[in-house]
**Q** 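Mind having a look at this structure? Questions to follow.
Excluded from the calculations below are hydrogen atoms, water molecules and symmetry mates; all remaining heavy atoms, backbone and side chain alike, are included. We name chains A, B, ... by the order of the sequence lines, and we start the count at 1 in each one. Here the structure is a predicted model, which is why all the values come from computation and not from measurement.
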Protein chains: 2
Amino acid sequence: MKVLGVDPGLTRCGVGVVEGVAGRPLTMLGVGVVRTPATAELGHRLVAIEQGIEEWLDTHRPEVVAVERVFSQHNVSTVMGTAQASAVAMLCAARRGIPVALHTPSEVKAAVTGSGRADKAQIGAMVTRLLRLAEPPKPADAADALALAICHIWRAPAQNRLQQAVALHASKGLTR
Amino acid sequence: MKVLGVDPGLTRCGVGVVEGVAGRPLTMLGVGVVRTPATAELGHRLVAIEQGIEEWLDTHRPEVVAVERVFSQHNVSTVMGTAQASAVAMLCAARRGIPVALHTPSEVKAAVTGSGRADKAQIGAMVTRLLRLAEPPKPADAADALALAICHIWRAPAQNRLQQAVALHASKGLTR
C-alpha cells in the first residue's frame, strides 16, 4: 500500500509518502513541505496548496491519502487555516477518486510511539527509526506527515476487518 | 459590480448573485443552495461543493466573490465544516483570478439591517426589500448569501478609498 500523509497547514503543509504493509519494513518514497507565504491572500494560498498537493499526487500516485483530523478545540489562532488546508488536500484526493482517511493526532502518536501523548521529538525519532532514515525529517510537519502515512498503513488492516464484519452483518440482515 | 455571495456550509452552502453599485437600486441575478448529503464522505462532499460553486461561477461570471469570514469561536460542532466549505469557495474563485472578499457576520448584518446583531428574520426581510423580491429567499442560507453580496457592494467603495489612500501614502514614502 502506498500512502500520502498530509499534515495540513497554511504556512507549512507537511507531505510524506510511505509504502508498505503492516508487519513488514516500510519504505519512505518522498517527504517535503508545501509552503505558502503568510503575506499572500487566503485564496491564493489555497490555490498554492492545491498546486503543491496535485504535484505530489502526480509524482507518487498514492492509493490512499491520510490527512490529520482537525478538531476545533485546538489552538484557536491556527485551527481555521488548518481546516482550510485540510479541505484542499481532501478535495484534491477525492476529485481523483483516491480514498481519504482521517486520523486524529493521538491515533498517529499512539501508532508510531505507543503513546497518544508523545511529543514532536519522540515522533521524529520513531519515524526516523521505522523508515530507517539517516536523520529525523525536518521540519516537524514533514515528520508528522510520514507518521500519518505509517499510522494509516498499520491501522488499515484492523479498519478493513471492521468494515468487512459490518458489511457481512448487513448482508445477513443483522444490522441495518 | 456583479458579486457572488457565498454563505459556506457542508450541508447547505447558500449562493446568491447581486448586481449594482452603492447608492443605486440592486438587482438579484440568482439565488440558490448547494447541498451535500450528511451521509457522504467528507472528501466527496467537498468535491460536490466545488462542482456547485463552479457552476455558479460559469453561469454568472461574477467580478468578486464575497464569502462569510468564519471564526473559530462560533458553534464548535459546525465550524470545521464551515471552514472547509469556505476554503473550497475561496479556492474556486482564486483559481479563476476572481478577487475574494471576506466579511464577518456582524458586518453583513449591520450593512443590510443597520444592526450587527440582527436575527435571521430581519436579514430575510431586508434582503427581500432591497432586492424588491416577492418573498424572502429560503432557506436562510440563501438569504444570507444575498446579504453578503449586498454588503460587499455597499462596503466596496469605502474599502477602495482606504486602499487607495494607503497606496498613495506608501508611494510618498509616508508608510512602509
**Q** Inspect the contact between B:K120 and B:D144 and indicate whether a charged nitrogen and a carboxylate oxygen are less than 4.0 angstrom apart.
**A** yes
**Q** Counting only heavy atoms not in B:R132, do more than 12 sit closer than 6.0 Å to its CZ atom?
**A**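 Yes, CZ of B:R132 has more than 12 neighbouring heavy atoms, counting only those of other groups under 6.0 Å.
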**Q** For the pair B:E63 (side chain) and B:K2 (backbone), establish whether a donor and an acceptor sit closer than 3.5 Å, ignoring hydrogens and angles.
**A**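 Here the side-chain-to-backbone pair exists.
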**Q** Is it the backbone or the side chain of A:T82 that comes under 4.5 Å from a heavy atom of chain B, or both, or neither?
**A** neither
**Q** Quick one, A:S86 and A:E68 - any side-chain contact, counting heavy atoms below 4.5 Å?
**A** no
**Q** Is B:V18 reachable from B:V127 through a run of hydrophobic residues whose side-chain heavy atoms are each under 4.5 Å from the next?
**A**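 Yes; B:V18 is reachable from B:V127 via cluster members.
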**Q** Are any non-hydrogen side-chain atoms of A:D141 and A:C13 less than 4.5 angstrom apart?
**A**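 Of all side-chain heavy-atom pairs linking A:C13 with A:D141, none is under 4.5 Å.
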**Q** Under 4.5 Å, heavy atom to heavy atom, which residues of residues 25-61 of chain B contact chain A?
**A**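 Interface residues of residues 25-61 of chain B: B:L42, B:G43, B:H44, B:L46, B:V47, B:E50.
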**Q** Can you tell me which portion of B:I98 sits under 4.5 Å from chain A's heavy atoms? Options are side chain, backbone, both or neither.
**A** neither
**Q** Taking the side chain as everything from C-beta on, heavy atoms only, tell me whether A:V79 gets closer than 4.5 Å to A:V70.
**A**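 In contact.
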